[in-house]
Protein chains: 2
Amino acid sequence: MFKKVLIAEDHEIANISVQKTLHDLGIHNTKYVYYCDHALTWIKNAIRDGEPYDLLITDIEFEDDDSPQEIKDGLSLIKAVKMVQPDIKVIVLTAKDRSALINEMFRENQIDGLVRKARRDGQHLREALQTVYQHRTYQSPDSKKFIQEQNSHEFTQFDLHIVKLLYEGISQKEMPEYLQQRDIRPSSLSSIEKRLNLMKDVLGFTKNEQLVAHCKELGFI
Amino acid sequence: MFKKVLIAEDHEIANISVQKTLHDLGIHNTKYVYYCDHALTWIKNAIRDGEPYDLLITDIEFEDDDSPQEIKDGLSLIKAVKMVQPDIKVIVLTAKDRSALINEMFRENQIDGLVRKARRDGQHLREALQTVYQHRTYQSPDSKKFIQEQNSHEFTQFDLHIVKLLYEGISQKEMPEYLQQRDIRPSSLSSIEKRLNLMKDVLGFTKNEQLVAHCKELGFI
DNA sequence: TATCTCCTTACGGTTTCCCGTAATCGATCG
DNA sequence: CGATCGATTACGGGAAACCGTAAGGAGATA
């Protein structure tokens with residue numbers, strides 16, 4: 001089993017449980033941190049000392065507080081960590097379902113396991129630890145189901161831009177101007193309308209309100 | 001300190017930590033359940049056996065799964081529990097900030113403590129346990145701050161109804177019909193428009209998209 | 001260069017939404 | 001009973017969004 005594990009998770013309550021789970025599995029050399037920046041520092045120091053971590057368990061969403069951080073979310077942390085230690089195993093622990101981002105990370109071999117914070121998450125974490133230790137990838141059942149449901153529409157950068165503008169209160173009529181300023185193409189009102197229609201159609205929505213709420217909920221914007 | 005505590009929390013990882021926290025404080029007579037219905041049953045049985053619980057620690061959001069439940073969320077659970085045991089102390093543990101609902105529960109003396117799942121939530125839970133045991137109420141600092149920020153607009157039932165309809169993809173034009181069917185008043189298009197304007201005005205929004213996303217994010221709908 | 005195709009843009013008619021004003025209703029009070 | 005005030009509803013003009021169709025442009029191919 002893994003020997004040396006780093007846990008990056010801002011919620012103290014979640015952090016305690018992960019530690020306890022590892023402890024129960026006989027992993028005693030664990031370090032837990034509440035900030036991404038700290039996580040990266042510990043990873044680097046461990047390499048410097050010739051005793052690198054085997055595994056990083058990290059959340060995705062980290063809350064901002066009064067101590068400003070360089071790295072603000074788990075995905076950025078993973079990228080930074082993989083730069084300095086490409087062979088480290090990574091298990092992601094997340095409350096939200098961000099299928100698009102997560103799928104991409106799996107494809108790029110940036111992560112080895114995904115556990116969604118849900119009813120049986122403790123069990124799933126144990127399974128993930130076992131599976132990833134055997135050099136296989138793991139996804140908790142909830143997230144698998146969700147990803148299957150969810151692959152109905154692949155959002156392009158353009159899609160996300162216009163949804164984000166909607167969320168910021170920009171009217172469709174004003175959008176062409178905004179998009180041109182940012183050198184985003186296409187930029188015409190027609191294209192925006194067409195694209196919004198397509199998204200709503202695929203997702204079974206009738207109103208932009210639903211689309212914006214949906215994207216917000218999934219963490220796309 | 002409390003002697004007998006019931007924990008209702010669907011996430012196994014959160015549940016483990018709460019148990020551990022209680023254990024560290026010397027509270028060993030704890031029961032943890034993953035469903036609201038189970039929680040109510042245990043409360044009732046404890047009363048029947050003459051050994052009622054001192055304290056209920058409960059989440060608010062419970063995820064649906066394949067085992068259908070009578071009580072689907074923490075607030076309903078609290079109401080049901082208070083019916084059978086009005087003197088039980090209640091600490092709520094929640095990830096989202098539902099200031100309106102929570103404030104109401106505090107006012108009605110339905111809950112004694114509120115801990116938001118955040119960076120220092122373990123610490124806050126310990127503080128809540130101490131404070132509530134002394135018959136005082138407790139709110140974790142995050143939630144206090146949030147409630148202050150948030151009191152810009154007090155959403156009425158009517159407000160939430162129309163926002164919810166928007167979220168469901170109903171056009172404003174169709175809303176009067178819906179509202180009349182459900183005996184909600186007022187129901188005219190004018191009233192709906194006026195109310196939407198007021199909400200957007202207070203919150204500094206220009207579009208319904210923002211309003212819906214905002215309410216969704218705060219768990220109002 | 002001519003042609004075909006795909007993507008983008010332009011345009012016009014219809015619906016919905018927005019917003020101000022005026023009429024109606026209902027309860028309270030002198 | 002009439003007056004008054006607040007809340008609700010009705011209405012109408014103008015703006016934005018919606019939707020189908022047609023025109024324009026860039027790239028690929030022969």
Side-chain angles (χ1 to χ4, degrees), chain A residues 100 152-217 220-221, chain B residues 100 104 151-217 220-221:
Chain A
S152 37
H153 179 67
E154 192 79 13
F155 286 87
T156 66
Q157 278 311 102
F158 180 65
D159 293 339
L160 295 182
H161 266 294
I162 55 184
V163 173
K164 185 176 275 180
L165 286 174
L166 276 182
Y167 175 69
E168 290 169 2
I170 313 298
S171 70
Q172 293 175 211
K173 205 187 145 201
E174 306 172 288
M175 283 190 194
E177 191 183 339
Y178 274 77
L179 294 176
Q180 279 162 26
Q181 282 174 7
R182 301 179 197 182
D183 283 326
I184 298 165
R185 298 206 38 210
S187 66
S188 75
L189 187 55
S190 267
S191 298
I192 293 166
E193 290 172 345
K194 181 169 292 185
R195 204 65 200 168
L196 283 172
N197 275 337
L198 188 134
M199 286 189 271
K200 282 185 282 188
D201 195 39
V202 170
L203 296 167
F205 295 152
T206 61
K207 295 181 69 63
N208 287 345
E209 282 86 338
Q210 302 175 285
L211 183 62
V212 172
H214 178 258
C215 287
K216 186 70 189 168
E217 199 167 4
F220 293 158
I221 54 175
Chain B
E104 200 182 320
N151 60 6
S152 37
H153 179 67
E154 192 79 12
F155 285 87
T156 67
Q157 279 310 102
F158 179 65
D159 293 339
L160 295 182
H161 265 294
I162 56 183
V163 174
K164 186 177 273 180
L165 286 174
L166 275 182
Y167 175 68
E168 290 168 3
I170 313 300
S171 70
Q172 292 174 213
K173 202 186 147 198
E174 308 172 287
M175 283 190 194
E177 190 182 339
Y178 274 79
L179 294 176
Q180 280 161 27
Q181 282 173 7
R182 301 179 197 183
D183 283 325
I184 297 166
R185 298 207 36 207
S187 66
S188 74
L189 187 55
S190 266
S191 298
I192 293 166
E193 291 171 345
K194 180 171 292 186
R195 204 64 201 166
L196 282 173
N197 275 337
L198 188 132
M199 285 189 272
K200 281 184 283 188
D201 196 38
V202 170
L203 295 168
F205 295 153
T206 61
K207 294 180 68 62
N208 287 345
E209 282 87 338
Q210 302 174 285
L211 183 63
V212 172
H214 178 257
C215 288
K216 185 69 188 169
E217 199 167 4
F220 293 158
I221 53 175

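Here is the naming used below: chain letters follow the sequence lines, and residue numbers restart at 1 for every chain.
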### Residue-level proximity of residues 165-175 of chain A to DNA chain D when a heavy atom falls under 4.0 Å
A:Ser171, A:Gln172, A:Lys173
#### Entry: Of residues 180-189 of chain A, the positions that come close to DNA chain C - non-hydrogen atoms, cut-off under 4.0 Å
A:Arg185, A:Pro186, A:Ser187, A:Ser188
Please list, pair by pair, any protein nitrogen or oxygen found under 3.5 Å from a nitrogen or oxygen in nucleotides 20-22 of chain C.
none

### Query
Given side chains that start at C-beta, do those of B:Arg195 and B:Thr156 come closer than 4.5 Å, heavy atoms only?
yes
### Query
Which pairs with one or both residues in residues 169-209 of chain A pass ring pair (Phe, Tyr, Trp, His ring centres under 6.0 Å), sequence neighbours excluded?
A:Phe205-A:His214
### Summary
By ring pair (Phe, Tyr, Trp, His ring centres under 6.0 Å), B:Tyr167 pairs with (sequence neighbours left out) none
Residues in side chain to side chain donor-acceptor pair (under 3.5 Å) with [X], at least two apart?
X        : value
A:Ser190 : none
A:Glu174 : A:Ser171
B:Lys200 : B:Asn208

### Query
Could you give the CG-to-C1' distance, from B:Asp201 to C:dC19, as a whole number of Å?
13 Å
### Message
Between P on C:dT9 and CD1 on A:Ile192, what's the gap in Å once rounded to a whole number?
### Response
9 Å
### Task
List in chain and number order the residues that pass side chain to side chain contact (heavy atoms under 4.5 Å, CB included) with B:Lys194, two or more places apart in sequence or in another chain; answer none if no residue qualifies.
none
#### Entry: Contacts of A:Ile184 that satisfy side chain to side chain contact (heavy atoms under 4.5 Å, CB included) - sequence neighbours left out
A:Phe158, A:His161, A:Leu179, A:Arg182
### Query
First contact, last contact: which nucleotides of DNA chain D are these for chain B, 5' to 3', heavy-atom distance under 4.0 Å?
D:dT8 to D:dA17
### Message
Please determine whether the number of non-hydrogen atoms from other residues, nucleotides or ligands lying under 6.0 Å from atom CD of B:Gln181 exceeds 12.
### Response
yes
### Message
Quick check for you: to the nearest 0.5 Å, what is the distance between B:Met175 atom CE and B:Leu166 atom CG?
### Response
3.5 Å
### Task
Give a yes/no on whether any side-chain N or O of B:Asn208 is located under 4.0 angstrom from OP1 or OP2 of C:dC17.
no
